[in-house]
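Worth knowing before you read on, the calculation uses all heavy atoms, side chains too, and leaves out hydrogens, waters and symmetry mates.
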Amino acid sequence: MKLSKLITVHLLWMSALASPVVAQTQESPVINTGKTILLADSAAAPADTVYPGQKKPFTEAQLREGSNKRYVTRAVLPAAALIGAGIYTIQDNGFFSSHDARDARHENFPNFSTKVDDYLFFLPVAYMYGFNAFSSQNRHDIRRQTGLLIASGVLTSAIVWPTKKLTNIDRPNGDPTAFPSGHTAYAFTIATIVDKEFRHKSPWVSVGSYTIASATGVLRVLNNEHWMADVLAGAGVGILSVNTVYWLHDKLFQNKGLNNPVIAPTVLPNGKPGMGMSLTF
């Protein structure tokens, strides 16, 4: 394979994975008129409004979370591009296929092996709760953050695991259920949550979170655990899941409080003991 082709493909791949950072940091014009913030694509909203379950006033971008147009442009389109790229490059398909990426891995990193990717994507969760403890700038209080994180994880799982069974593609190492990558999907789920909760604190929080998520996907390929297609699609699923949860949350629960979650032992449908959590809006 020509070096120029390999470099071009990797630049396109990394730019696709980095697209959420670019999309999330571009904001529409805002006019501040004292007590009221006027948005270019939203109704006027009080600048100092603090909804139940929220620690600080929302920024102008966060006030537009429930906008259908914003949801499509910031969530559906980037996610569709990543998932589409994954489908396009499945197995031996596409300009630079998953088989090409596997061959490049074997040629350049034949003995690469690490377990870092099994734990790396949890790092943004650790510093998200660390920010909660030491910062007054988190978007929601910790109870609602946790609820949004759990809901996003549930939606990601609801997409990833049935899709793995339906596609029934073996991994490059011979193991089953390759497409899409669950590690990458959860990594981007966590990164997108952190981005939404702390983007206004510093854009570098978002950059760091998405860098960790992207690194998780790259390591899955280098470890020969996943195809490139699996990683691209997994990234799209994670981004779509979180944005969908926040979009629905804004439409359904923005002006409603969140009572303390109740966690108690329960019996699962299969008869085994487990833990249940109740959230009351």
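Every residue meeting the salt bridge (charged side-chain N to carboxylate O under 4.0 Å, His left out) condition with Asp118, not counting sequence neighbours, appears here in chain and number order: Arg220.
Salt bridge status for Glu65 with Lys251: absent, with no side-chain N to carboxylate O gap under 4.0 Å.
Geometrically, Lys164 does not engage Phe179 in a cation-pi contact, judged by NZ or CZ lying under 6.0 Å from the ring centre and within 45° of the ring axis.
Note: Met128 CE to Lys196 NZ = 13.5 Å, rounded to the nearest 0.5 Å. Note that the CZ atom of Arg102 and the CG atom of Asp100 stand 9.0 Å from one another [nearest 0.5 Å]. Thr192 contributes atom OG1, which lies 11.0 Å from atom CG of Leu149 (distance to the nearest 0.5 angstrom). Atom CD1 of Ile212 is separated from atom CG of Leu123 by 4.0 Å, given to the nearest 0.5 angstrom. To the nearest 0.5 Å, the span separating CG on Leu82 from CD1 on Ile87 amounts to 11.5 Å. Note that CG of Leu240 and CG of Leu155 are 7.0 Å apart. Values are rounded to the nearest 0.5 Å.
His226 pairs in a side chain to side chain donor-acceptor pair (under 3.5 Å) with only one of the listed residues (Asn224, Asn223, Asp230), which is Asp230.
Side chains of Tyr246 and Ser152: a donor-acceptor N/O pair is absent below 3.5 angstrom, by distance only. Side-chain atoms of Thr89 and Ser97 form no donor-acceptor pair, as typed in the model, at a separation below 3.5 Å. Side-chain contact, Thr216 with Tyr186: no donor N or O sits under 3.5 Å from an acceptor N or O.
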Determine, step by step, whether Glu107 and Asp103 satisfy the side-chain contact (heavy atoms from CB on, under 4.5 Å) criterion, reporting the C-alpha distance in whole Å, the side-chain angles of both residues, the deciding distance to 0.1 Å, and the verdict.
CA-CA 6 Å; Glu107 180 179 349; Asp103 294 341; over 6 Å; no
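Thr156 approaches Ala185 most closely through the heavy-atom pair CG2-CB, 3.7 Å.
In terms of modelled atom types and a separation under 3.5 Å, the side chain of Ser98 and the main chain of Ala229 share a donor-acceptor contact.
Aromatic ring centroids of His99 and His106 lie 6.0 Å or more apart.
Residues Ser206 and Phe198 form no side-chain contact, since every pair of their non-hydrogen atoms from C-beta on lies 4.5 Å or further apart. Under the 4.5 Å side-chain criterion, counting only non-hydrogen atoms from C-beta, Trp247 is not in contact with Arg70. The shortest side-chain heavy-atom distance between Val237 and Val160 falls under the 4.5 Å cut-off. Proximity of Leu232 to Tyr88: side-chain heavy atoms (C-beta onward) are nowhere separated by under 4.5 Å.
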